[in-house]
Every structure is written in structure tokens, then in C-alpha cells.
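The structure under discussion appears below in the form of C-alpha cells.
Numbered from 1 within each chain, the chains take letters A, B, ... in sequence-line order. The figures that follow rest on heavy atoms only: side chains count, while hydrogens, waters and symmetry mates do not.
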Number of protein chains: 2
Amino acid sequence: MVSIKDIARRAGVSISTVSYALNGNPKVTEETSKRILAVAKELNYVPNAAARTLKKRETRIIGAFLTTFEGAFYGKLLQGMKEEMNKRGYDLVICSGTQSHRMLPEGILDGAIILDRLFSDEELLLHANRGHKLVVLDRELKHDNIVQVLLDNKAGATFAMEYLIRNGHQKLYAVTGPEGSFDSEQRLGAARQTVERGGPLITYKEIPGNFDKASGEAAALRIISEYDGPVGVFCLNDEMAIGMYQALRGTPYRVGEHIHVVGFDHIDITDYVQPRMATIDYSERRWGAVAAEQLIKLVEGDSSAQHERIYVGLVEGESVGPASAGM
Amino acid sequence: MVSIKDIARRAGVSISTVSYALNGNPKVTEETSKRILAVAKELNYVPNAAARTLKKRETRIIGAFLTTFEGAFYGKLLQGMKEEMNKRGYDLVICSGTQSHRMLPEGILDGAIILDRLFSDEELLLHANRGHKLVVLDRELKHDNIVQVLLDNKAGATFAMEYLIRNGHQKLYAVTGPEGSFDSEQRLGAARQTVERGGPLITYKEIPGNFDKASGEAAALRIISEYDGPVGVFCLNDEMAIGMYQALRGTPYRVGEHIHVVGFDHIDITDYVQPRMATIDYSERRWGAVAAEQLIKLVEGDSSAQHERIYVGLVEGESVGPASAGM
DNA sequence: TTGTATGCGTTATCAA
DNA sequence: TTGATAACGCATACAA
């Protein structure tokens with residue numbers, strides 16, 4: 001391994017001069033600097049991160065923590081984060097699993113973005129108390145070192161339910177996400193509120209789901225078994241709505257005619273299915289970028305770091321028609 | 001920040017004793033050790049990674065490099081890697097983009113697994129020459145510090161093409177992956193060989209694809225436009241085969257009757273589509289685990305580290321029927 | 001069994 | 001403008 005000491009010897013200067021030159025400090029002559037840089041390149045010098053970190057107490061690496069690498073993978077979200085980070089001179093690494101949590105307190109990461117319910121509130125607060133900077137995307141958590149960047153789930157769920165009601169639907173269902181999911185609970189809360197405001201004629205049932213295709217299929221079967229006229233179904237994510245489409249394919253029940261469906265997330269496939277699926281849209285990429293931006297502010301001590309909300313919108317589709325259509 | 005110095009002071013011992021105690025060195029008394037550990041816990045001590053790394057020249061962190069976080073994301077592969085790594089006391093982080101390459105030479109990573117054609121051979125060899133340990137999943141590269149863990153693409157492609165030929169197909173197509181893709185090139189090579197061995201009656205065409213759904217759709221249109229009897233199509237990955245299914249849905253051409261399709265990868269959806277898709281199967285998880293295992297061997301200087309091949313198998317499906325079916 | 005002292009590679013203070 | 005030196009937190013050879 002080649003260190004600044006080697007460069008110093010070779011260039012006939014002291015290590016401090018080398019350090020200055022490598023860091024572009026103007027105190028050192030253009031001349032010397034040039035010579036030193038040349039020697040550095042010649043020797044294939046690469047700075048040692050551990051040494052630098054030990055001195056400067058920063059790594060310029062940010063970690064994003066996920067529950068798992070499998071399944072729906074938030075690709076655009078991570079990509080949005082990465083691009084924003086890189087733009088600002090930070091690197092992003094994706095981590096998963098309890099074992100990797102150590103990287104935060106050990107000082108390998110300058111900060112972390114959390115999208116992992118298995119990372120407990122208590123542990124996060126512990127890290128925050130030790131001075132580590134965090135952005136949470138999956139919970140509400142108050143601390144000076146924690147910023148929340150949350151999806152506007154309530155607005156989205158309200159849009160979805162109002163869309164069904166506006167189309168005349170009075171028999172409503174919601175297919176939920178897994179227990180403990182922040183997104184699911186927020187969406188569900190707003191859905192219930194919208195139902196309450198909808199008047200006494202509305203009936204509303206909740207079917208427990210899991211945010212996966214299988215639970216959407218199961219929900220479809222349950223709805224069919226109870227069917228006695230057109231219903232409006234708010235699937236709390238698109239994945240389950242797709243499952244519902246698939247389960248209905250072999251039956252006499254048609255989406256947008258008998259079963260009216262709204263999803264959430266606007267995943268790619270919703271634009272291609274027949275009939276086109278109504279869903280709630282937001283920019284995953286922007287979500288990531290905003291999270292990155294706020295975290296870097298926190299890390300750099302910029303006091304303008306603050307909680308952010310990611311806005312959502314309704315995408316209409318033929319998966320929802322007037323209630324009269326299925327009579 | 002609390003260091004071993006603080007613990008030493010508080011426990012009334014020297015820092016070396018603390019260091020010994022924390023590292024479970026039997027030289028220190030049960031007594032003292034207990035006291036020191038208690039103090040460490042009380043002060044919420046966490047070792048400083050930078051300092052430890054500077055001394056020991058290892059981080060116990062491995063990086064996996066991907067081209068992008070978006071799109072098909074090798075979830076099971078990464079999960080397989082992660083589990084194997086964790087089992088052996090290493091952490092895995094996922095990286096993407098040129099900027100993050102620095103982590104290898106700077107000593108932040110003990111080794112890396114490469115699945116990113118944008119990481120050039122030259123750069124990899126450079127790192128290997130500096131003593132860094134690598135496992136490549138996406139190319140052949142010879143170096144003492146590099147181990148290859150490659151899918152048996154040739155066997156897979158051969159299985160796929162032979163399956164079509166065995167079913168009597170003589171008009172064959174291959175829909176390729178993007179240019180420069182190692183997997184695509186290997187599969188294509190084996191496909192051609194199989195065709196040559198298949199005899200003079202066979203016609204064979206290649207349609208350039210991109211490993212995505214859209215190019216599968218495009219390929220379907222092209223095949224339809226040339227249609228004059230049943231054809232066998234080897235899509236070099238499942239994604240494109242799914243695209244082909246979709247494009248065919250609105251046409252009079254049926255999969256497994258007019259257009260006979262084999263994919264590659266055995267992604268989940270191939271089991272659910274109608275008709276069930278024939279494809280080439282392998283364990284992504286195992287691929288990851290084997291890569292992790294070999295890399296750790298390299299890192300730890302175990303000379304038994306060696307190139308590995310991940311075996312594949314044919315999954316039959318109704319997407320391929322006898323050639324006579326579509327007459 | 002415990003303590004003293006040194007060095008890992010870098011940054012940064014201070015003196016020359 | 002450059003050089004000598006201390007310090008970051010830890011591991012470890014050696015001394016006590």
C-alpha cells in the first residue's frame with residue numbers, strides 16, 4: 001500500500017506538504033503541487049479511507065436500510081436517492097438485516113435512510129441520541145436528528161375512496177396491507193374517515209391483505225362470494241389490485257362493471273392491464289431525492305432540514321365505472 | 001464519543017487491558033473483564049470502525065455492484081449473498097454507479113461481487129492487481145484475485161433449443177438480449193450450435209431484443225408478420241417472453257399452438273401465465289450464496305477458492321407443444 | 001495478569 | 001511556502 005509518506009519521500013518534500021497538495025490547499029506552490037500530484041499518480045496513490053475518517057469523522061457514505069432485498073424493491077426510490085447523493089458528493093449503499101445496523105454507530109455511515117419496520121423506533125431513537133442523522137420513510141418519529149419524508153397516504157386514500165363514491169358506489173371494500181405497516185394504517189384511517197363523511201347509505205367492509213398478489217386474489221374470492229350488486233374496492237396497493245384482476249379473469253365478474261377497483265402506487269403494469277386501472281400516483285424517484293436532500297442537510301448541519309410530504313394524485317381508469325353499470 | 005480511553009479511566013485500568021477485555025482475550029482476569037464490560041455497556045461504548053480498520057486492515061464489509069437499482073433487481077440473488085455473508089460474520093452492502101467504485105481501493109470494502117457491465121474489465125484488473133478480491137458474475141476474467149461464478153448459460157440455451165426441436169419445430173427464432181450482455185452472448189452461442197447440430201431442415205432467425213417486456217412485444221409483432229406455420233421461439237429471458245404473451249393476446253395467434261415459447265430465468269410469473277411457460281430454471285439464491293462463499297474464501301486467503309458454475313434445468317410448460325398443433 | 005509504548009495513514013496546528 | 005509534530009481510536013509487542 002502506498003501512503004503519503006511514500007509520496008513525500010519520492011517527491012522530496014514532507015508529508016504535510018503532500019497532504020496539502022492532494023487536498024488542493026493553495027498554500028503550496030503550483031510547482032510543488034504539480035510535482036507531488038505527478039508522483040501520486042505515478043505511484044497509483046489512493047487515500048486510505050480509514051485514516052481519513054479517523055481524523056475527519058466523516059465517510060461521505062449514506063446507508064439506506066431495507067427490510068429485504070427480495071420482492072418489490074423500490075428501485076426508482078433508491079435510484080432517486082442515489083442520484084441526489086452523488087450530485088452532492090455522497091455515496092449511497094443499500095443495507096438489509098439487523099447485523100448491518102452496526103454500520104451506523106461504528107461510524108461507517110454519515111447518516112441513514114430508513115425504510116424497514118424491523119428497525120425499531122427504540123433503536124432509531126438510540127442512534128439519534130448518539131448524534132446520528134436519520135431520515136425515516138416508514139413512520140412518524142420526533143427527534144432533532146430525525147427527519148420524516150412521508151408519502152401523503154391520507155390524501156391518496158381519500159382521493160381513492162371519493163372517486164368510488166363519486167361514481168355512485170355505496171357498497172365499498174378496502175383490502176388492507178399487513179399489520180404494522182405504516183402506509184397501510186394511514187391509508188386505512190383516511191378511508192374510514194371518507195366513508196363516514198359519505199353518508200348513511202354506504203356500507204363498508206375491510207378485508208385483511210398483505211400487499212401481495214395472493215392476498216388480492218383471496219380478497220376477490222371473498223367479494224365474489226358475497227356479491228349482490230356492483231361494489232367499489234380500494235386495494236391499498238396495486239399489487240393486490242393486480243391479484244384481484246387475475247382472480248376475476250376466469251369468472252363472470254368484470255372489473256369496472258361489477259367489481260370497481262382502485263389501487264395505490266401506480267406501478268407500471270397498471271397502465272397496461274385491461275381495463276386500465278385507476279390508482280394513486282406519486283413520484284418514487286422524487287421521494288428518494290427529497291429524502292436524500294433532507295438527510296444531507298441534517299448531516300451538514302443545515303438547519304433548514306425539515307419534515308417533507310410527498311404529494312400524490314389520482315389516476316383515473318376504466319377499472320372504475322358508474323355503479324349503475326353492473327346492475 | 002466514548003473510546004476505550006474513557007472506559008479505561010472509569011474502570012481504573014489501562015487502555016490495553018480494556019482492549020483485551022473487549023476482544024475476549026483470555027489474558028485478562030474474569031474479574032477485570034467483567035468490570036470492564038460492565039463499564040463499556042454503561043457508557044454505551046461502540047468501537048470505532050475507522051480506528052479498528054486502520055489497525056487491522058479489514059472492515060468485514062463486502063460490496064455488491066449493480067448497474068442500477070431499477071428494473072429487475074436480482075432480489076433473491078442478493079438475499080442469498082447476504083445470508084451467506086452474515087453467517088460468516090460479514091456485512092453486505094449494495095452499490096451502484098461509477099462514483100461508488102472508490103470504496104474498493106480506499107479500503108472500505110474487503111471485497112466485491114460484480115454484476116455490472118459498466119464496471120470495465122480494465123478497472124477490475126486494476127483493482128485485482130492492487131490486491132483486492134473480486135467475484136465476477138457477468139464475465140470471464142482471469143486473475144489470481146478474481147473468481148468467476150457463472151450461470152451455465154450454454155447448458156440452459158441448449159436445453160431450450162433442444163426442447164423446441166424435440167417437439168418437432170423447424171422454424172426457430174431466438175430473441176436476444178442487449179449487445180454486450182455476457183449472458184445473452186453465451187446463450188446465443190449455444191443456441192446457434194444447437195441449431196447447427198439440428199440438421200439442414202431447420203431455419204433459424206435472430207431478433208434483437210433488450211431483455212425487457214417491450215422488446216418481447218416487438219419480437220412478437222415481427223414473428224406474426226412473417227408467420228406461415230408454427231414456430232418455436234427461444235426468448236433469452238422470461239421478461240421478453242412475457243412481453244410476447246401480452247402482444248399475442250389480442251391476435252389470433254396462440255402461445256403453445258402457433259407460437260411456441262421458451263424463456264430463461266424461471267421468474268415467478270411464468271408459473272401463473274396461461275399457458276404455463278417453459279423456461280430455464282436455476283436457483284438465484286444459490287448463485288448468490290456460492291458467490292459469497294467464494295469471495296470470503298478469497299478474502300480470507302483460503303486457497304480452495306475457485307471458479308464455480310451454477311447449474312440450470314429445463315422447466316417444461318404448455319407454451320411449447322408439438323409443431324403439428326398449429327398446422 | 002496488567003501497563004507502557006508504538007504505529008496504522010491522515011489532517012491540522014504551529015513553528016520555521 | 002514548507003516542515004515537524006501531535007492527534008484521531010484501536011491493537012498489540014513487549015516490559016513489568
Rounded to whole angstrom units, what separation is found between the [atom1] atom of [X] and the [atom2] atom of [N]?
X: B/Ile15; N: D/dT12; atom1: CD1; atom2: P; value: 13 Å
X: A/Ile4; N: D/dT2; atom1: CD1; atom2: C1'; value: 14 Å
X: A/Arg57; N: C/dT10; atom1: CZ; atom2: C1'; value: 13 Å
X: B/Asn25; N: D/dC14; atom1: CG; atom2: P; value: 15 Å
X: A/Glu106; N: D/dC8; atom1: CD; atom2: P; value: 20 Å
X: B/Lys27; N: C/dG3; atom1: NZ; atom2: P; value: 12 Å
X: B/Asn23; N: D/dG9; atom1: CG; atom2: C1'; value: 13 Å
X: B/Lys5; N: D/dC10; atom1: NZ; atom2: P; value: 10 Å

Looking at the base of [N], is there any donor atom on it, or on the side chain of [X], that sits under 3.5 Å from an acceptor on the other one?
X: A/Ser14; N: D/dA4; result: no
X: A/Lys55; N: C/dT11; result: yes
X: A/Tyr20; N: C/dT10; result: no

Within the pair [X] and [N], is there a side-chain N or O less than 4.0 Å away from OP1 or OP2?
X: B/Arg52; N: C/dC8; result: no
X: B/Thr17; N: C/dG3; result: yes
X: B/Ser19; N: D/dA11; result: yes

Would a distance-only check, ignoring hydrogens and angles, find a side-chain to backbone donor-acceptor pair under 3.5 Å from A/Ser96 to A/Leu66? yes

Does A/Trp287 use its side chain to pair, donor to acceptor, with the backbone of A/Val149 at less than 3.5 Å? yes

Are a donor atom and an acceptor atom from the side chains of B/Ser181 and B/Asp183 found within less than 3.5 Å of each other? no

NE2-CG distance between B/His101 and B/Leu109, expressed to the nearest 0.5 angstrom: 11.0 Å

Distance (rounded to the nearest 0.5 Å) between A/Leu134 CG and A/Phe119 CZ: 7.5 Å

Do the charged groups of [X] and [Y] touch, with an N to O distance under 4.0 Å?
X: A/Glu70; Y: B/Arg285; value: yes
X: B/Arg88; Y: B/Glu84; value: yes
X: A/Arg60; Y: A/Glu58; value: yes

Taking any heavy-atom pair under 4.0 Å as a contact, classify B/Ser3: base, sugar-phosphate, or nothing. sugar-phosphate

What's the closest nucleotide to the side chain of B/Leu54 if the choices are D/dG3, C/dA12, C/dG9? C/dG9

Under a 4.0 Å heavy-atom cut-off, which of residues 28-48 of chain B touch DNA chain C? B/Val28, B/Thr29, B/Thr32

Judged by each residue's nearest nucleotide on DNA chain D, which is more toward the 5′ side, B/Ala51 or A/Val18? A/Val18

Let me know, please, whether B/Ser16 or B/Ala50 comes out on the 5' side of the other along DNA chain D by nearest nucleotide. B/Ala50

